[in-house]
There are 2 protein chains.
Amino acid sequence: MATIKDVAQLAGVSVATVSYVLNDSMPVSEATRNKVLAAVAKLGYQPHRQGRNLQRQRTLTIGVLLPQANLLCELDLATWLLEATNAATSAGYSLLLQPADSQARGDLADGWISFGTALDPQLPQIWALAPPFEQPAVLCDAAFAAQRAVETLTHAGMQRIGLITLPRSIPGSARWYLGYRRALRRAGIAFDPALVVEPANNRFHDGVAAYEALAASENDYDGLIVCGNQLATGVVMVDHAKVPLIVSHSNTQRGISGFRWPTELWAHTLVRKLLQQLDGSAIAHRTWLNPSLVIGSLGFKEDLDGFNYV
Amino acid sequence: MATIKDVAQLAGVSVATVSYVLNDSMPVSEATRNKVLAAVAKLGYQPHRQGRNLQRQRTLTIGVLLPQANLLCELDLATWLLEATNAATSAGYSLLLQPADSQARGDLADGWISFGTALDPQLPQIWALAPPFEQPAVLCDAAFAAQRAVETLTHAGMQRIGLITLPRSIPGSARWYLGYRRALRRAGIAFDPALVVEPANNRFHDGVAAYEALAASENDYDGLIVCGNQLATGVVMVDHAKVPLIVSHSNTQRGISGFRWPTELWAHTLVRKLLQQLDGSAIAHRTWLNPSLVIGSLGFKEDLDGFNYV
DNA sequence: CTGTTAGCGCATTCAG
DNA sequence: CTGAATGCGCTAACAG
């Protein structure tokens with residue numbers, strides 16, 4: 001590995017001069033600049049990150065706090081990380097992974113972001129270790145999604161709309177419920193608690209059970225909204241012919257109608273904001289993103305215009 | 001931030017002594033060791049990674065090469081990364097993300113691993129940049145899975161077994177095909193090319209189309225194997241009542257029978273092997289892992305004992 | 001404009 | 001056993 005000394009020697013200049021041209025930190029005459037550049041090219045020299053960073057007191061690294069595996073059901077961590085990696089890389093930064101409960105995140109990175117959705121019940125604990133509003137926060141409002149979903153059905157003339165969602169004790173789920181109520185109120189439809197089922201977990205068979213509970217009751221409904229991918233998949237599996245509309249939380253694959261969470265935009269925005277903050281720029285700490293509704297080929301799909309069909 | 005100097009000063013010893021006790025690199029008297037430890041505790045001192053690493057010429061970092069988003073359909077990157085992070089963290093290392101086509105991966109990390117499945121058609125290109133056998137490789141054999149799947153059906157008395165899989169030009173898919181042929185041969189069943197459908201892509205609707213193509217033909221089959229999550233999901237969606245067995249590639253959720261790829265073990269093994277290699281230990285460069293078959297609640301589920309039902 | 005030099009925080013010879 | 005000195009690779013004053 002060639003060092004800056006080697007370059008300086010070969011170019012017949014001092015190390016400082018090499019540093020100057022490489023960092024544009026001082027005016028350098030065209031002649032010597034060319035000599036330096038030639039030497040750099042010849043040696044294939046690349047500045048040693050460790051040395052440079054030690055001197056600059058920076059790591060050129062962004063730390064990512066990762067929650068535990070079983071919580072990653074709603075959001076696509078893969079896509080999120082890929083986009084975050086791209087955003088960081090194009091700015092000369094790298095992403096460094098660390099478990100959310102990690103102790104040693106002192107000088108590992110210049111800044112930290114955390115992956116998490118409001119549906120993640122453990123997020124409060126994670127945020128206790130790394131408060132969200134000391135770092136830039138990008139949020140996606142489930143209330144908006146729920147409201148949008150209900151409106152889609154009411155605009156199509158439906159009146160009795162069922163809701164299958166996780167318990168309201170989970171923050172993100174609470175907002176889903178909120179949007180549902182709000183849309184009903186605005187449409188002048190009375191709220192009927194019997195139409196709401198709240199399974200404890202977001203698993204395939206929880207969806208099946210919830211659907212069957214609703215179907216077995218005397219309550220007839222003409223529209224149905226399901227919050228949670230696994231739940232929605234379960235419902236579709238049991239019998240999608242009867243279900244006017246399934247709205248999954250984020251996954252729009254498999255023909256299920258659902259909201260597409262702007263995962264890439266989210267990751268990108270988060271990284272950009274952190275970088276701006278590191279640059280010393282003032283930033284808005286909270287940024288809200290909106291999910292978009294995509295109507296799938298399964299279940300309800302009539303009387304809808306202006307939507308993308310999967 | 002306290003430095004080693006501060007510790008030395010407070011303990012009334014030299015910086016070298018502090019280094020000795022912190023790294024156990026030299027014998028130190030019990031008395032002075034205690035003084036040092038006390039000072040460390042009092043100041044909450046933690047060695048500065050950058051400085052230490054510069055001196056030691058190491059980064060305590062493992063680089064991870066990430067393929068592009070659209071290729072991540074078969075394997076759970078999230079789970080994989082989480083487990084890799086845990087394995088690395090518990091050894092004092094961190095994971096550093098980098099796009100697979102990244103140029104600058106010189107001194108960023110002590111070693112590199114890459115996420116990828118043999119089904120990934122772009123893997124050869126990725127590996128061209130970071131040849132797999134210069135880094136430790138952990139592989140999962142699809143041929144084993146295919147063979148196991150076919151045997152499960154033949155043992156239940158089936159004779160005409162259909163196969164829906166990706167084109168053989170994709171390495172991982174080729175091995176799937178291989179295992180299928182091998183199992184048939186061993187069972188003394190003649191191979192019938194009409195029972196094999198090879199859609200070009202692993203998407204939901206490709207599965208639907210492939211299934212319909214097979215169903216429309218004159219070929220009747222009593223068992224069916226599908227390679228690929230999205231394909232399998234599509235097949236189930238169309239009509240799972242007729243399908244004796246769906247074997248997905250890796251995903252066993254949603255009631256579909258399938259192979260569980262040992263994702264966590266994989267990630268863990270890969271990281272451990274790299275760390276051993278960095279330690280200078282001789283390691284076997286290729287490690288084979290086997291997937292395990294899980295029978296789902298959908299489709300074929302009779303005459304099977306000793307399996308875990310989802 | 002360019003060279004000399006002093007650290008960034010740490011580990012490690014080499015004398016004592 | 002301990003301490004002073006050296007340097008890992010680089011940047012940034014400070015002189016010239």
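Residue numbers start from 1 in every chain, and the chains themselves are labelled A, B, ... in the order their sequence lines are given, proteins ahead of strands. Only a predicted model underlies this, so the values are computations on that prediction, with no experimental measurement involved. What's counted below: heavy atoms across the whole structure, side chains too, no hydrogens, waters or symmetry copies.
Nearest to the side-chain atoms of A:Arg52 among the listed nucleotides D:dG9, D:dT11, D:dG3 stands D:dT11. Distance from the side chain of B:His48 is smallest to C:dC10 among D:dG9, C:dC10, C:dC14. The side chain of A:Lys5 lies closest to D:dC8 when the candidates are D:dC8, C:dC8, D:dC14. The nucleotide whose nearest atom lies closest to any side-chain atom of B:Pro47 is, among D:dA13, C:dT12, C:dC10, C:dC10. Listed nucleotides: D:dT11, D:dG3, C:dA11. Nearest to the side chain of B:Arg56: C:dA11. Nearest nucleotide to the side chain of A:Ile4, out of D:dT11, D:dA5, D:dA12: D:dT11.
As a whole-Å value, the separation of A:Gln57 CD from D:dT11 C1' is 11 Å. A:Asp107 has its CG atom 16 Å from the P atom of C:dC8, to the nearest Å. Rounded to whole Å, the distance from CZ on A:Arg33 to C1' on C:dG3 is 17 Å. Look at CD on B:Gln50: it is 16 Å from C1' on C:dA11, rounded to the nearest Å. The interatomic distance linking A:Tyr20 (OH) with D:dC10 (P) rounds to 15 Å, in whole Å. Taking atom CG of residue B:Asn34 and atom C1' of nucleotide D:dC1, one finds them 15 Å apart after rounding to whole Å.
Under 4.0 Å is where a charged nitrogen must lie from a carboxylate oxygen, and between B:Asp6 and B:Lys42 no such pair does. Between B:Asp24 and B:Arg33, at least one side-chain nitrogen of the basic residue sits less than 4.0 Å from a carboxylate oxygen of the acidic one, meeting the salt-bridge criterion.
Applying the side chain to side chain donor-acceptor pair (under 3.5 Å) test to A:Gln55 and every residue at least two apart in sequence or in another chain returns nothing.
Scanning all heavy atoms of the two residues, the minimum distance from A:Pro262 to A:Pro291 falls at CD-CA, 4.1 Å.
For the OP1/OP2 pair of D:dC10 and a distance below 4.0 Å, the side-chain nitrogens and oxygens of A:Tyr45 include at least one atom meeting the criterion.
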Side chain to side chain donor-acceptor pair (under 3.5 Å) between A:Asn53 and A:Thr59, worked out:
CA-CA 6 Å; A:Asn53 290 344; A:Thr59 62; over 6 Å; no
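Taking 3.5 Å as the limit, the base of C:dG9 and the side chain of B:Gln55 contain no donor-acceptor pair of atoms between them.
A:Tyr93 has its side chain within reach of A:Asp110: a pair of non-hydrogen atoms, C-beta onward, lies under 4.5 Å apart.
We find the OG1-CG distance between B:Thr85 and B:Leu95 to be 4.5 Å, quoted to the nearest 0.5 Å.
Here B:Thr3 lies in heavy-atom contact (under 4.0 Å) with sugar-phosphate atoms only. At a threshold of 4.0 angstrom between heavy atoms, the contacts of B:Arg49 with the nucleic acid are absent.
Contacts between residues 22-32 of chain A and DNA chain D, defined by a heavy-atom separation under 4.0 Å, are made by A:Asn23.
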